[in-house]
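First the structure, which I've put down as structure tokens, then a few questions once you've had a look.
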Amino acid sequence: LVVGGLTDLVKSVVGRERPELEFVDEIAEEDNLSPEEIEEILEKEANHRSFTSGHASGAFAYASYLERAIARRTGMRGPARVALFSALYGYAGYIGYSRIENDKHYLTDVVAGAALGVWVGRTCYRINHRDEFPERNKEKQRGAISARLNPPVPVPGGLALMVSFERRRPAASRR
């Protein structure tokens, strides 16, 4: 859901034409399309939603999440994990390649979709498996910064929201 929503948002904002529209004149000649049919193809909203590739972002999100989840569940290490990684990302890469091959996306659409998918997949994994990612050493040494959203405060003309930031001292210096 997250990667789909972000992909749709980017597609709506960017509005890039699909590569197949570059060849619409050749397609029209081959299929004997009328000017009205050509205009209909050019005006389709789906033909202006190329960047980023939703298929690539979804495939790479699943691949990045599943690779970590399966390796964690089975305790995979070494060559088995490399094989799992290769299979999942290879399949996701094939999906991206097929979108380019079928003139649905440019290479940059697929690369951006893949990057978005990997980012979302790994972020969702980190959120769902916090126990696997201990605090960073820097945060332990310096102390972490916490943020707190305070209740709304009435002000003339509406409400104000305030955020409080606080640096927590490291555990060693709390004595």
Reference residue Val110; test side chain to side chain contact (heavy atoms under 4.5 Å, CB included); the match among His55, His105, Lys104: His105

Salt bridge (Lys or Arg N to Asp or Glu O under 4.0 Å): pairs with one or both residues in residues 82-96, sequence neighbours excluded: none

Whether Tyr125 and Tyr65 hold their rings parallel, tilted or perpendicular, with breakpoints at 30° and 60°: perpendicular

Crowding at OH, Tyr106 (>12 non-hydrogen neighbours, <6.0 Å): yes

For the student: nearest non-hydrogen atoms of Ala92 and Ala63, plus distance: CB-CB, 4.2 Å

Derivation and outcome, side-chain hydrogen bond (donor to acceptor under 3.5 Å, both in side chains), residues Arg16 and Thr108: CA-CA 11 Å; Arg16 184 179 195 183; Thr108 52; 2.8 Å; yes

Side chains of Ile70 and Arg73 in contact at under 4.5 Å (non-hydrogen atoms): no

Under 3.5 Å side-chain donor-acceptor pair for Asp109 and Ser53: no

Pairwise distance CZ(Phe51) to OG1(Thr7) - rounded to 0.5 angstrom: 10.0 Å

Leu88 side chain near Leu84 side chain, heavy-atom distance below 4.5 Å: yes

Distance, nearest 0.5 Å, that separates CG of Asn128 from OG1 of Thr123: 11.0 Å

Hydrophobic cluster identity match, Phe60 and Phe85, side-chain contacts under 4.5 Å: yes

Spacing of OH belonging to Tyr62 relative to OG belonging to Ser57, to within rounding of 0.5 Å: 10.0 Å

Contact check, side chains of Ser64 and Tyr89, non-hydrogen atoms, under 4.5 Å: yes

Side chains of Arg68 and Arg81 in contact at under 4.5 Å (non-hydrogen atoms): yes

Taking every non-hydrogen atom, the tightest pair across Gly96 and Ala56: CA-CB, 4.5 Å

